[in-house]
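Contents: one structure, followed by commentary.
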Amino acid sequence: MKNFTCVQDIGDLDTALQEAFEIKKERFKYVETGRNKTLMMIFFNSSLRTRLSTQKAALNLGMNVIVLDINQGAWKLETERGVIMDGDKPEHLLEAIPVMGCYCDVIGVRSFARFEDRNYDYEEVILNQFIKYSGRPVFSMEAATRHPLQSFADLITIEEYKKTARPKVVMTWAPHPRALPQAVPNSFAEWMNAADYDFVITHPEGYELDSKFVGNARVEYDQMKAFEGADFVYAKNWAAYTGDNYGKILCTDRAWTVSDRQMAVTNNAYFMHCLPVRRNMIVTDEVIESPQSIVIPEAANREISATVVLKRLIESLG
Ligand code: CP
């Protein structure tokens, strides 16, 4: 695996899952794999889980780790080519990236959508510049359009908890006070389609995702209908994707907050969320604290997905 930015990069899902469960049983089995190899983690945006779980994954593999928060202590970076750099940004990403590549063997990048220009976000300009100019294998720690380490962890979690071969998985939009990117729902949809579960997406009208991510999912605008018989409920907010509404909040209806009312019509579904989650906006206290909430094991699996991905990237170094 040369880079890891989407579900296609992981290859056969069954093989990846087997590897994940093997590592989960024996986390330090491959502690020699990363000896004298250095991971550099570049954060353009904040993180708790991705930062800690990916660092832990690197330690599982015996790697050294360098973490850089671009907005805390680094030079402010210009990201656009052709700009006359007479403003407050003294360094260009096109020098900074190859310099970063000099000091490490693998690079992880977190760079969210900016919501200024949909094409810019969906072309993944920042992530692709790292791939092009760093000279190193690059993996996404959540980019503008996908969060594959999260989705891989979500898949591992569903495989651990599912009671039928092809569970019904419902991804539901839920309200949030700020406009959030589509990276998590896009990515979750991509991985659920690849896993071939019975996959349903529910959201208010106007929140349609890019059809390339929706794939074979059924879209149901009636949330209660979507929840009927669900085995897993995956809640997430996202801002509008379509047309001039890109990046806008179109609905604040708290009836979409996941509560006992919706969970009552499921097949005693497990509740999932990538975290951080705003309680009583996305999900009620009662649901997230219920025995059916698996948000903590889901977060714990971030260490496992990151260990598999880092191991494969190191192996690609030859
Ligand atoms: N789920 C997730 O990526 O969490 P962080 O934003 O805290 O890394």
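Nothing fancy with the numbering, it's 1 onward along the sequence.
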According to the interplanar angle, ranging from 0 to 90°, do the rings of Y234 and F188 count as parallel (below 30°), tilted (30 to 60°) or perpendicular (above 60°)? parallel

For residues E315 and Y30, is any side-chain donor paired with an opposing acceptor at under 3.5 Å? no

Under 3.5 Å, is there a donor-acceptor pair between the side chain of N301 and the main chain of I304? no

Charged N to carboxylate O under 4.0 angstrom, E159 versus K162? yes

Between K168 and E228 (salt bridge meaning N to carboxylate O under 4.0 Å), is one present in this structure? no

Does atom CG of N36 have more than 12 heavy-atom neighbours from other groups under 6.0 Å away? no

S305 side chain to R302 backbone, donor-acceptor under 3.5 Å: yes

Going by atom types alone, do R110 and T50 pair a side-chain donor with an acceptor below 3.5 Å? yes

Counting only heavy atoms not in Y103 (residues, nucleotides, ligands), do more than 12 fall under 6.0 Å from its OH? no

For residues E124 and T145, is any side-chain donor paired with an opposing acceptor at under 3.5 Å? yes

For a quick test of reading the model, state the closest non-hydrogen atom pair linking N280 to T284 and the distance between them. OD1-CA, 3.2 Å

Under 3.5 Å, is there a donor-acceptor pair between the side chain of T257 and the main chain of M281? yes

Per-pair distances, 0.1 Å, donor-acceptor, side chain in residues 58-76, under 3.5 Å, sequence neighbours excluded:
{"residue": "N60", "atom": "OD1", "partner": "K56", "partner atom": "NZ", "Å": "2.6"}
{"residue": "N60", "atom": "ND2", "partner": "E303", "partner atom": "OE2", "Å": "2.9"}
{"residue": "N60", "atom": "ND2", "partner": "T307", "partner atom": "OG1", "Å": "3.3"}
{"residue": "D69", "atom": "OD1", "partner": "R51", "partner atom": "NH2", "Å": "2.5"}
{"residue": "D69", "atom": "OD2", "partner": "R51", "partner atom": "NH1", "Å": "3.3"}
{"residue": "D69", "atom": "OD2", "partner": "R51", "partner atom": "NH2", "Å": "3.4"}
{"residue": "N71", "atom": "ND2", "partner": "F44", "partner atom": "O", "Å": "3.0"}
{"residue": "K76", "atom": "NZ", "partner": "D88", "partner atom": "OD2", "Å": "2.9"}

Between E142 and Q150, do the side chains contain an N or O donor and an N or O acceptor separated by less than 3.5 Å? no

State whether D121 and R114 are salt-bridged, where the test is any N-O pair (Lys NZ or Arg NE/NH1/NH2 against Asp/Glu carboxylate O) under 4.0 Å. no

Examine the side chains of S151 and S187 and answer whether a donor and an acceptor come within less than 3.5 Å of each other. yes

Can you confirm whether more than 12 heavy atoms, excluding those of D285, are under 6.0 Å from its CG atom? yes

Measure from the side-chain N and O atoms of T38 to the backbone N and O of C104, and report whether any donor-acceptor pair falls under 3.5 Å. no

Kindly indicate whether a cation-pi arrangement holds for R218 with F199, taking the cut-offs as under 6.0 Å to the six-membered ring centre and within 45° of the axis. no

Any carboxylate oxygen within less than 4.0 angstrom of a Lys/Arg side-chain nitrogen, looking at E32 and R35? yes

If we ignore hydrogens and angles and just use 3.5 Å, is the side chain of N193 paired with the main-chain N or O of F213 as donor and acceptor? yes

Those residues at least two apart in sequence (or on a different chain) that pass ring pair (Phe, Tyr, Trp, His ring centres under 6.0 Å) with Y246 are F115

Let me see the working for Y221 and H203 under ring-ring contact (aromatic ring centres under 6.0 Å, His included), right down to the final yes or no. CA-CA 6 Å; Y221 294 105; H203 55 72; 5.4 Å; yes

I'd like to know if the side chain of T266 and the backbone of M263 have a donor-acceptor N/O pair within less than 3.5 Å. yes

Checking side-chain polar atoms at under 3.5 Å, does N267 have a donor or acceptor matched by the opposite partner on D231? yes

Quick test of your reading of the model: are K24 and E160 salt-bridged, counting only N-O distances below 4.0 Å? yes

Donor + acceptor pair across side chains of Y270, K163 (<3.5 Å): yes

Ion pair check, E289 and R279, cut-off under 4.0 Å: yes

